[in-house]
Each structure stands twice: as C-alpha cells, then as structure tokens.
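To find a chain, count down the sequence lines: A is the first, B the second, and so on, and within it residues start at 1.
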Amino acid sequence: MTEHRVDFPGMHPDERIVLLQRRHWTMLGRKLSRYLLLLALPFIVLLLLNWSNVDFSVDTETFSGVGIVLGISVYALVMWLLFFHDWLDYYLDAFIMTNKRIVRIEQHGLFDRVVSDLQLDKVQDVTVETKGLGSTFLRYGTIHVQSAAELGRFIFSAIPNPENIKAAILAAISSPASQKSARPAAEKPTGTP
Amino acid sequence: MEIPGIILLIVYAAIVFIVCLFSFFNIYHVLRFGMHTLASYAMSIVYVLVVGAILLTTWIAVRTVDWSTTYTINLPAIGINPGDS
C-alpha cells in the first residue's frame with residue numbers, strides 16, 4: 001500500500017496516511033463543465049455575431065457600451081468564482097485512512113464542514129454499493145463502513161474503485177499492527193471504580 | 001433619465017469587492033483546511049491570476065472612459081390613464 005507524504009488538519013503526530021481518496025473525477029467534471037460552458041458563453045455569442053456579419057462593436061463612449069464591458073467582466077468574475085468554489089468543494093471532501101483511523105471530511109459550501117473519524121478497531125463491516133450505469137462502467141460507488149459504536153454507518157459516496165478501498169480497510173483492520181495499537185486503548189481503565 | 005457614469009463604476013466596484021471577499025474566503029479554506037500540496041497552491045495561484053487578468057482586461061477596455069459624463073437614457077414611456085378602469 002502506498003503511503004502519502006501529505007498531512008491533513010487534525011492529523012496526529014504519530015499517524016501516517018495509508019489511503020487518501022477523493023470523489024470520482026466525474027463528480028468534479030460534471031460541475032466544472034457547466035461553469036466552463038457558461039464562462040465561454042459571451043465569447044461564443046461574440047463569435048456568432050462576427051460570423052453572421054452583424055455590425056457589432058462595443059463603443060465605450062456610450063452608456064450601453066460601458067455597461068456591456070462591465071457586465072461581461074462581472075459575469076466572468078462570478079462564473080470563475082463559482083468554478084473555483086465547486087473545485088474547492090470537491091477538493092476538500094476526502095476519505096482518508098491512516099494507520100489508526102478512518103477520517104471522512106465533507107465540505108458543504110463555505111463555513112460548513114463536517115469531519116468524522118472512526119477508529120480502525122471499531123470497524124465491524126464494510127459494504128460497497130455500486131448503483132447505476134455510470135458508476136458501473138466508470139467504477140465508482142458508495143462505501144459504507146459499519147462501526148461498533150452507536151455512530152452507525154460511515155458513508156462516503158462516489159468513491160473511485162470502492163472494491164479496492166474495501167480490501168484496503170479490511171486488510172488494515174486485520175493487520176497485527178492495527179490490533180496491537182487498538183489493544184492498549186481498549187484495555188485502558190476508565191478511572192471510575 | 002440621466003445617469004452619471006460614475007454610478008456604473010461604483011456598482012462595478014461593489015460587485016468586485018464582493019467577489020474579492022468570497023475569493024478570500026475560498027482561498028482561506030484551501031490554505032486552512034486543504035492539504036498542503038502542489039495542486040492546492042497551483043489552483044489558488046491560477047485562480048488569482050485569472051481574476052487579475054479579467055480585472056486588467058476590463059481596465060484596459062474602460063480606461064479611456066470619462067466617468068464624469070452623464071448619460072441620457074430614453075426609457076420606453078409607460079402611460080397610465082387614471083380615468084381608465
């Protein structure tokens with residue numbers, strides 16, 4: 001298994017990332033292609049006007065000319081901002097497995113972030129769900145990690161190669177290192193008599 | 001109806017300020033919550049460069065505009081006859 005030389009906010013000093021996965025690229029592509037198309041729209045309109053021999057020129061001496069220039073500028077800025085925002089939303093969502101735990105980071109827009117983690121020794125069951133034509137052919141799906149705690153299921157959707165991820169989780173929870181690191185925590189006294 | 005040209009500039013500046021504010025929030029999220037990788041830095045730099053290019057192109061296009069000019073806009077007349085029911 002490859003180890004990643006990056007770290008994530010909240011990573012413990014004695015931890016190392018053994019698996020880092022973002023959502024399938026089609027999730028990003030679907031959003032970004034929409035903004036790229038909208039970003040190119042004014043230029044497509046200008047090209048069509050040129051091809052159709054319409055006498056069109058923007059005269060910045062007139063109110064409408066200045067309005068068109070500033071309007072296109074605002075449109076381009078807003079589309080580019082939305083494009084970057086969607087990339088950020090994709091980029092900050094991550095499924096991380098370290099040598100100690102599984103971390104799921106979900107960014108729901110700005111200032112709304114959910115970080116959940118699950119100790120490897122608490123994992124009871126891993127389920128992979130591949131539903132639909134796209135996910136079957138492009139090999140992505142939803143992974144459900146069932147924990148022993150009352151937290152319930154740990155779900156991460158549109159993850160690429162979910163079968164490999166499942167195999168990696170199962171290998172990690174059955175590895176002697178994981179069981180050894182889990183044992184002292186499990187045997188630690190609670191402190192109350 | 002007469003509109004001073006400076007109004008367009010003020011509205012534009014207000015929108016640019018809001019875009020810059022949200023750009024700052026986004027870049028803050030990349031640096032604060034993202035992983036410190038080449039991809040995150042490269043994307044942030046590309047984003048700032050494109051914003052700069054859009055603003056520069058706009059400035060080049062409107063730099064000769066005299067913002068003190070007052071534009072006269074003829075809106076279509078809307079007549080309401082109070083006698084109609």
Side-chain angles (χ1 to χ4, degrees), chain A residues 4-11 17 20-22 28 32 35-36 39 42-43 57-94 96 103 105-115, chain B residues 1-40 43-44 46-67 69-74:
Chain A
H4 297 259
R5 288 173 182 270
V6 291
D7 55 4
F8 60 92
M11 187 171 164
I17 298 175
L20 165 65
Q21 202 61 259
R22 293 199 170 82
L28 178 68
L32 297 194
Y35 289 119
L36 282 179
L39 196 61
F43 303 101
S57 61
V58 177
D59 180 11
T60 52
E61 295 293 313
T62 63
F63 180 81
S64 58
V66 177
I68 287 171
V69 169
L70 296 183
I72 290 174
S73 176
V74 164
Y75 180 80
L77 282 171
V78 171
M79 284 302 134
W80 183 237
L81 175 68
L82 294 174
F83 175 94
F84 186 61
H85 178 75
D86 272 3
W87 170 80
L88 182 68
D89 194 17
Y90 168 83
Y91 180 74
L92 293 181
D93 286 356
I96 302 165
V103 182
I105 304 171
E106 292 269 1
Q107 186 77 35
H108 307 285
L110 292 173
F111 310 110
D112 187 359
R113 182 177 165 82
V114 179
V115 181
Chain B
M1 192 169 89
E2 290 192 336
I3 294 181
I6 195 77
I7 293 288
L8 277 177
L9 192 63
I10 291 169
V11 171
Y12 179 72
I15 295 170
V16 168
F17 174 75
I18 293 166
V19 168
C20 288
L21 192 69
F22 276 90
S23 300
F24 168 76
F25 292 150
N26 277 311
I27 291 170
Y28 174 80
H29 274 73
V30 174
L31 301 177
R32 171 78 175 76
F33 302 116
M35 291 171 195
H36 299 280
T37 58
L38 183 67
S40 59
M43 190 62 192
S44 304
V46 167
Y47 175 75
V48 172
L49 287 177
V50 171
V51 168
I54 294 170
L55 293 176
L56 185 68
T57 310
T58 309
W59 180 72
I60 289 168
V62 297
R63 68 181 163 173
T64 55
V65 173
D66 179 12
W67 297 106
T69 309
T70 302
Y71 299 96
T72 305
I73 300 165
N74 296 317

**Derivation of the side-chain contact (heavy atoms from CB on, under 4.5 Å) call for I17(A) and M11(A)** = CA-CA 9 Å; I17(A) 298 175; M11(A) 187 171 164; 4.0 Å; yes
**Message:** More than 12 heavy atoms of other residues, nucleotides or ligands under 6.0 Å from CZ of F22(B): yes or no?
**Reply:**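 For F22(B), atom CZ is not crowded (no more than 12 foreign heavy atoms under 6.0 Å).
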**Asked** Hey, does S73(A) have a side-chain heavy atom less than 4.5 Å from the side chain of T57(B)?
**Response**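 Side-chain contact under 4.5 Å: no.
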**Asked** Are any of the side-chain heavy atoms of V19(B) and W80(A) separated by less than 4.5 Å?
**Response**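 A side-chain contact under 4.5 Å is absent here.
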Where does [X] contact chain A at under 4.5 Å (heavy atoms): side chain, backbone, both or neither?
| X | answer |
| --- | --- |
| W67(B) | side chain |
| V11(B) | neither |
| L55(B) | side chain |
| I15(B) | side chain |
| S40(B) | both |

**Request:** List the steps, then state whether side-chain contact (heavy atoms from CB on, under 4.5 Å) holds for V30(B) with F84(A).
**Result:** CA-CA 10 Å; V30(B) 174; F84(A) 186 61; 4.0 Å; yes
Where does [X] contact chain B at under 4.5 Å (heavy atoms): side chain, backbone, both or neither?
| X | value |
| --- | --- |
| L82(A) | neither |
| L88(A) | side chain |
| F83(A) | side chain |

**Prompt:** For the residue pair R22(A) and D93(A), what are the closest heavy atoms and their distance?
**Reply:**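 Heavy-atom minimum between the residues: CG-O, 3.7 Å.
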**Request:** Quick one: closest heavy-atom pair of V66(A) and Y71(B), and the distance?
**Result:**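 Closest pair (atom of V66(A), atom of Y71(B), distance): CG2-OH, 3.9 Å.
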**Message:** For a side-chain contact (heavy atoms from CB on, under 4.5 Å) check, start with the C-alpha distance between D86(A) and Y90(A), then their side-chain angles and the critical distance, and finish with the verdict.
**Reply:** CA-CA 6 Å; D86(A) 272 3; Y90(A) 168 83; over 6 Å; no
**Message:** Using ring centroids (six-membered ring only for Trp), state whether F25(B) and Y28(B) fall under 6.0 Å.
**Reply:**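 Centroid distance Y28(B)-F25(B): not below 6.0 Å, so no.
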**Asked** Can you tell me if Y91(A) uses its side chain to pair, donor with acceptor, with the backbone of M35(B) under 3.5 Å?
**Response**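 Indeed, once roles are kept as given, a pair shorter than 3.5 Å links the two residues.
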**Item:** Within residues 47-54 of chain B, residues adjacent to chain A where the heavy-atom gap is under 4.5 Å
**Value:**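 Interface residues of residues 47-54 of chain B: Y47(B), V50(B), V51(B), I54(B).
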**Among the listed options V74(A), L110(A), L92(A), the residue most often paired with chain B at heavy-atom distances under 4.5 Å** =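 Among V74(A), L110(A), L92(A), the one with the most close pairs to chain B is L110(A).
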